[in-house]
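The structure appears right after this line, and notes come after that.
It should be emphasised that the depicted structure is a prediction, and the values quoted were computed from it without experimental measurement.
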Amino acid sequence: MKNETLEKEMTADVASRVADQAEGFYRSGKLHCAEAVLAALRQNFAPQLPEEAVQMAAGFGGGSGAGCICGAVSGGTMAIGLVLAGDKKAAAALTRELHTWFKDQYGATCCKILTAHGKKGCVNLTATTAGKVAELLLAQGFEPR
């Protein structure tokens with residue numbers, strides 16, 4: 001029971017740290033939602049990857065420029081793929097789990113719907129999505145570095 005409690009506390013701590021970092025990156029104005037999620041997860045789970053890896057997310061902000069899939073979800077999906085490094089089956093399963101969780105939390109994954117009344121909620125979407133991806137990765141046995 002103690003180990004389970006400690007594991008839950010560690011997961012919560014890591015997820016909170018990743019969420020806070022993603023929020024900070026987003027609030028800095030230097031990174032948009034997809035970049036901020038990817039940057040926080042790279043920093044914690046794949047620091048061996050160059051910082052330039054975050055640039056891959058440049059086109060995913062604002063629903064990939066077309067307003068469709070939320071950039072935070074896109075950044076989380078990219079981070080899952082980078083951390084799982086070639087395990088397409090596991091990446092697909094975690095991505096489905098992320099999308100299901102996000103829809104349950106926010107009702108949609110479409111940026112146009114989520115931002116219909118402005119982008120003030122994007123900072124929260126960015127933070128919570130980064131934290132959720134951290135939880136998913138930890139549940140798969142990936143340790144922060």
**Asked** Got a sec, which pairs hit side-chain hydrogen bond (donor to acceptor under 3.5 Å, both in side chains) with one end in residues 13-25, sequence neighbours left out?
**Response**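 For residues 13-25, and leaving out neighbouring residues, the side-chain hydrogen bond (donor to acceptor under 3.5 Å, both in side chains) pairs sorted by first residue read Arg17-Asn44, Gln21-Asn44, Glu23-Arg27.
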
Could you tell me which non-hydrogen atom of [X] sits nearest to which non-hydrogen atom of [Y], and how far apart they are?
X: Pro144; Y: Phe45; answer: N-CE2, 3.8 Å
X: Ala40; Y: Ala22; answer: CB-N, 3.6 Å
X: Cys122; Y: Thr115; answer: SG-CG2, 3.7 Å
X: Ala127; Y: Ala19; answer: O-CB, 3.2 Å

**Item:** Evaluation steps, side-chain contact (heavy atoms from CB on, under 4.5 Å), between Cys111 and Ile69
**Value:** CA-CA 6 Å; Cys111 183; Ile69 188 74; over 6 Å; no

Give every donor-acceptor pair under 3.5 Å between a side-chain atom in residues 82-101 and any protein atom, sequence neighbours left out.
from, atom 1, to, atom 2, distance (Å)
Asp87, OD1, Ala90, N, 3.2
Thr95, OG1, Ala91, O, 2.8
Thr100, OG1, Arg96, O, 3.0

With sequence neighbours excluded, tell me which residues meet side chain to side chain contact (heavy atoms under 4.5 Å, CB included) with [X].
X: Glu143; answer: Met10
X: Lys112; answer: Cys110
X: Ala36; answer: Phe25, Tyr26, Leu31, Thr126

**Prompt:** Excluding sequence neighbours, so at least two apart, what forms side chain to side chain donor-acceptor pair (under 3.5 Å) with Thr109?
**Reply:**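 Side chain to side chain donor-acceptor pair (under 3.5 Å) check on Thr109 returns nothing, list empty.
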
**ILVMFWY network linking Met78 to Leu125, side-chain heavy atoms under 4.5 angstrom** = no

**Request:** Would you give the length of the straight line joining atom CG of Leu38 to atom OG of Ser74, rounded to the nearest 0.5 angstrom?
**Result:** 10.5 Å

**Item:** Straight-line distance of Leu114 CG to Cys33 SG, nearest 0.5 Å
**Value:** 10.0 Å

**Request:** Would you indicate whether the side-chain heavy atoms of Val37 and Val18 approach each other to under 4.5 Å?
**Result:**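 No - every pair of side-chain heavy atoms lies 4.5 Å or more apart.
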
**Request:** Any ring-ring contact (aromatic ring centres under 6.0 Å, His included) involving residues 104-145? Give me the pairs, sequence neighbours left out, ordered by first then second residue.
**Result:**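 Residue pairs with at least one partner in residues 104-145: Phe102-Tyr106.
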
**Asked** Between the main-chain N or O of Leu137 and the side-chain N or O of Gln140, is there a donor-acceptor pair closer than 3.5 Å?
**Response**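 Not confirmed, Gln140 side chain does not pair with Leu137 backbone.
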
Could you list the donor-acceptor pairs under 3.5 angstrom formed by side chains in residues 46-59, with sequence neighbours left out?
from, atom 1, to, atom 2, distance (Å)
Gln48, OE1, Arg145, NH1, 2.9

